[in-house]
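Inspection log for the structure reproduced underneath, given as structure tokens.
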Amino acid sequence: MKFLSLSKWFLMVLCISGMLIQYGCAFKDIDKRLFVSAIGIDPAENVENGYKVTVKVALPFGAIKDSAKPSFAYLSREGHSIGEAIRMLETHIDKVLELGHMKTIIVHEKLLRNDMQTFMDYFIRRGDIQLISYVAGARPSAETILKVEPKTEAPASVALINFFGATANDSPYVVTTFLFQLRRDILADGINPVLPLIETNEKGDELIVNHSVVVDGREDPTVLSTIETKYFNSLLKNSTGLTYLVKKGSLELLLNISQSKMTYQFVSREGSEAPRAIDMHIVMKGIIGESNKDLSIAKLDEYNRLASKEVKQKILHFLIKMQEENLDPFGFGLHYRTTRLYTEDLFTAWQKAYPDIEFKVTVEVKLQGTGTIE
């Protein structure tokens, strides 16, 4: 019993001592915080090998009906690193910069090289930055893109997020790349990360996202055209809402593709694990959305054959172009590495084989109708 009473006294003294050394509440009210909705990274103009950081800060208002359009503030600072620039930005304001709600990271086109991991490391290490944040390239600069406020941007909303989120824009020309995905692909052998490229019109009041950039470590990053971006999305990400223009003599058909699926396998050389070809099978389903001539549902099989042949040529041309430029945005090399028993020269063997590998493409277009009229 005496032992139990001593234990109780000891616990009581321990609890009181703990209460005495407690700090006051460290919580900061919402009116003491500035919420960053997007951040832009540009090459520094006055700091050698440095960066210019621009943050887009959402300014609060009483109610949505009280604001005709979104209200933002823009803060910029240069530094030798991202962290240094942001720390200096905090000396320009009377509140705390809150990055927990930031969903978009915009990077200048010229910084999209493989050495970008040196500054992207900052975003990965900060625990308050979401790994599902969107990452995109910018032209002419990240600061310019951040300051564009489209007329269609609603109050309490950010247009940049709507472009890449699945709840609003679903265009097949828009590539979506997450922060965790970019970091993973940069560090992996056998794949080149692809980022959307954001541009603006001459008036500077619209955002345009229909190109993409392949990160490959070159001085001038390779930019995929609008059509090439569509091919990339349709093959790798099974995007919907695609259109393909098919021509045969005087006949022109515009296909509206609702489903797209690509599967492939490696064909090895006899007596060797080295690949000699990639056997690719692509299935597309949709309807004919537009035609310059009258169509008949009875000729649907003929239209299927015509469409399959034309789409095959377009896709094959794109694959060969990527191969000739020694780019692998589809991750063929990564897939090859992960489906083979590891050896020290496995990736080296792939690098030697890729420039001469043959693409055996089979396209099967299944048109389900000629539209609402025949």
Parallel, tilted or perpendicular: ring planes of Phe232 versus Phe330, cut at 30 and 60 degrees: tilted

Flag for Ser250-Lys293: side-chain donor and acceptor within less than 3.5 Å: yes

Asp185 vs Val194 side-chain heavy atoms within contact, under 4.5 Å: no

Side-chain donor/acceptor of Asn292 to backbone N/O of Glu252, under 3.5 Å: yes

Lys366 and Met284, any side-chain heavy atoms less than 4.5 Å apart: no

Shortest non-hydrogen separation from Ser260 to Ser234 and the atoms involved: OG-O, 3.0 Å

From Lys147 atom NZ to Thr200 atom OG1, the distance as rounded to the nearest 0.5 Å: 13.5 Å

Same apolar cluster: Ile191 and Met322, side chain cutoff 4.5 Å: no

Side-chain donor or acceptor of Thr144 paired with backbone N/O of Pro140 under 3.5 Å: no

Any donor-acceptor N/O pair, Asp42 side chain to Ala142 backbone, under 3.5 Å: yes

Leu319 CG to Leu327 CG distance, which is reported to the nearest 0.5 Å: 12.0 Å

Donor-acceptor under 3.5 Å (Glu228 side chain, Ser225 main chain): yes

cation_pi(Lys230, Tyr244) dist<6.0 Å, angle<=45: yes

Minimum heavy-atom distance Thr229-Leu224, with the two atoms named: OG1-O, 3.5 Å

In one Ile/Leu/Val/Met/Phe/Trp/Tyr side-chain cluster, 4.5 Å: Ile297, Leu253: yes

Side-chain donor/acceptor of Ser133 to backbone N/O of Thr104, under 3.5 Å: no

Whether Ser37 side chain and Lys56 backbone form a donor-acceptor pair below 3.5 Å: yes

For Gln368 against Leu300, the heavy-atom pair lying closest together: C-CD2, 4.4 Å

Connected via hydrophobic side-chain network under 4.5 Å: Val283 and Leu316: no

Evaluation steps, side-chain contact (heavy atoms from CB on, under 4.5 Å), between Leu197 and Arg139: CA-CA 7 Å; Leu197 181 63; Arg139 179 190 288 176; 3.7 Å; yes

Arg87 atom CZ, neighbour heavy-atom count above 12 within 6.0 Å: no

hydrophobic_cluster_shared for Leu254 and Ile288, side chain cutoff 4.5 Å: no

Separation of Glu90 CD from Lys95 NZ (nearest 0.5 Å): 13.5 Å

Close side-chain approach of Ile198 to Leu207, heavy-atom, < 4.5 Å: yes

Close side-chain approach of His108 to Pro43, heavy-atom, < 4.5 Å: yes

For residues 343-351, please give each side-chain donor-acceptor pair under 3.5 Å, one per line with the distance, not counting sequence neighbours.
unit_1	atom_1	unit_2	atom_2	d
Thr343	OG1	Asp345	OD1	3.0
Thr343	OG1	Leu346	N	3.4

Single-linkage hydrophobic cluster Tyr74~Leu89, side-chain heavy atoms < 4.5 angstrom: yes

Straight-line distance of Tyr336 OH to Asp328 CG, nearest 0.5 Å: 13.5 Å

Donor on one side chain, acceptor on other, His80 and Tyr51, under 3.5 Å: no

Leu179 side, atom CG; Ile132 side, atom CD1 - distance, nearest 0.5 Å: 10.0 Å

Atom pair OG1 (Thr362) and CE (Met280), whose distance is rounded to the nearest 0.5 Å: 10.0 Å

Worked verdict on Val53 versus Ile41 for side-chain contact (heavy atoms from CB on, under 4.5 Å): CA-CA 5 Å; Val53 178; Ile41 313 296; 4.1 Å; yes

Exceeds 12 heavy-atom contacts within 6.0 angstrom, atom NZ of Lys312: no

Whether Arg276 side chain and Val267 backbone form a donor-acceptor pair below 3.5 Å: no

Any Gln265 side-chain heavy atom under 4.5 Å of Asp279 side chain: yes

Closest contact, heavy atoms only, Val135 versus Leu195: O-CD2, 3.8 Å

Evaluation steps, side-chain contact (heavy atoms from CB on, under 4.5 Å), between Ile39 and Met102: CA-CA 8 Å; Ile39 187 170; Met102 185 190 69; 3.2 Å; yes

Contacts of Asp220 that satisfy side-chain contact (heavy atoms from CB on, under 4.5 Å) - sequence neighbours left out: none

Parallel, tilted or perpendicular, as decided by the 30° and 60° cut-offs, for the rings of Phe332 and Phe359: tilted

Qualifying residue for salt bridge (charged side-chain N to carboxylate O under 4.0 Å, His left out) with Lys52, from Glu84, Glu143, Glu78: Glu143

Minimal non-hydrogen separation, Val174 against Val209, with atom names: CG2-O, 3.4 Å

Flag, side chain of Asp301 to backbone of Arg305, donor-acceptor distance under 3.5 Å: no

Worked verdict on Ile357 versus Tyr354 for side-chain contact (heavy atoms from CB on, under 4.5 Å): CA-CA 5 Å; Ile357 208 164; Tyr354 184 59; 4.2 Å; yes

Close side-chain approach of Leu34 to Ile93, heavy-atom, < 4.5 Å: yes

Asn233 side chain to Pro172 backbone, donor-acceptor under 3.5 Å: yes

Sub-4.5 Å side-chain heavy-atom contact between Phe164 and Pro196: yes

Where Leu245 and Lys314 come nearest, the two heavy atoms and their spacing: O-CE, 3.1 Å

Identify every side-chain donor-acceptor pair in residues 122-129 under 3.5 Å, counting partners at least two apart or on other chains, and give the distances.
unit_1	atom_1	unit_2	atom_2	d
Tyr122	OH	Arg126	NH1	2.6
Arg125	NE	Asp121	OD1	3.2
Arg125	NE	Asp121	OD2	2.5
Arg126	NE	Asp128	OD1	2.9
Arg126	NH2	Asp128	OD1	3.4
Arg126	NH2	Asp128	OD2	2.7

Derivation of the ring-ring contact (aromatic ring centres under 6.0 Å, His included) call for Phe266 and His335: CA-CA 10 Å; Phe266 299 100; His335 187 193; 5.5 Å; yes

pair Ile105-Tyr134: side-chain heavy atoms closer than 4.5 Å: no

Over 12 foreign heavy atoms within 6.0 Å of NE2, His317: no

